[in-house]
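Starting from 1, each residue takes its place in the sequence as its number. Order of appearance sets the numbers: ligands from 1, and atoms from 1 within every ligand. Note that the structure is a prediction, hence the values are computed from the model and not measured.
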Amino acid sequence: MPIEQTLSMIKPDGVKRGLIGEVIGRFEKAGLKIRAMKMLHLSLNQARAFYAVHKERPFFDSLTQFMSSGPIVALILEGDNAIQVNRDLMGATDYRKAAPGTIRADFAKEIEANIVHGSDAVETAQVEIAFFFNALERV
Ligand code: CMP
């Protein structure tokens, strides 16, 4: 399995609901290493830039308002097959379709406020990691 890095975000709903430790604990128990981590509050423009790939989607304005509504935690996770491992931990985007025991099945209450984000491919992970972390912030 390739060693990969992936970008994770604990979204404003996850932070507000006190789920930072729960989510990070799941990452660590699954063998993912935390290579960088920060808490920050995205502006609306920053959220729009991060999710630019979705700019034509009907949920874009609502999603970016939600993502700039409170602090988030951004992390670089590393490990064997880290992108898929993280996606398996998160579960499907729609919490109603997420497998039992996944983060979204256990905690999400809306498709938009779904606790976590994770990169979906190697190329996306590189772009998303560079969005949040410069070279000095990565160990
Ligand atoms: P995420 O994995 O961060 O990627 C895009 C986000 O858009 C997704 O999680 C959800 O928060 C949100 N999203 C995706 N589909 C919908 C939808 N149909 N309605 C509202 N929000 C959505």
Got a sec, which hydrophobics cluster with Phe107, joining ILVMFWY side chains under 4.5 Å apart, including via others?
Ile10, Val15, Leu19, Ile20, Val23, Ile24, Phe27, Leu32, Ile34, Met37, Met39, Val73, Leu75, Leu77, Val85, Leu89, Met90, Ile103, Ile115, Val116
Does this structure show an ion pair linking Arg104 with Asp94, if we count only N-O contacts that are shorter than 4.0 Å?
no
How are the rings of Phe132 and Phe50 set to each other: parallel, tilted or perpendicular (split at 30° and 60°)?
tilted
Tell me whether Asp13 is salt-bridged to Lys11, with the criterion being a basic N under 4.0 Å from an acidic carboxylate O.
no
Answer yes or no: does atom NZ of Lys16 have more than 12 heavy-atom neighbours from other residues, nucleotides or ligands under 6.0 Å?
yes
NZ/Lys38: more than 12 non-hydrogen atoms of other groups inside 6.0 Å
yes
Residues in the immediate environment of ligand 1 (any heavy atom closer than 4.0 angstrom)
Lys11, Tyr51, His54, Phe59, Leu63, Thr93, Arg104, Ile111, Glu112, Asn114, His117
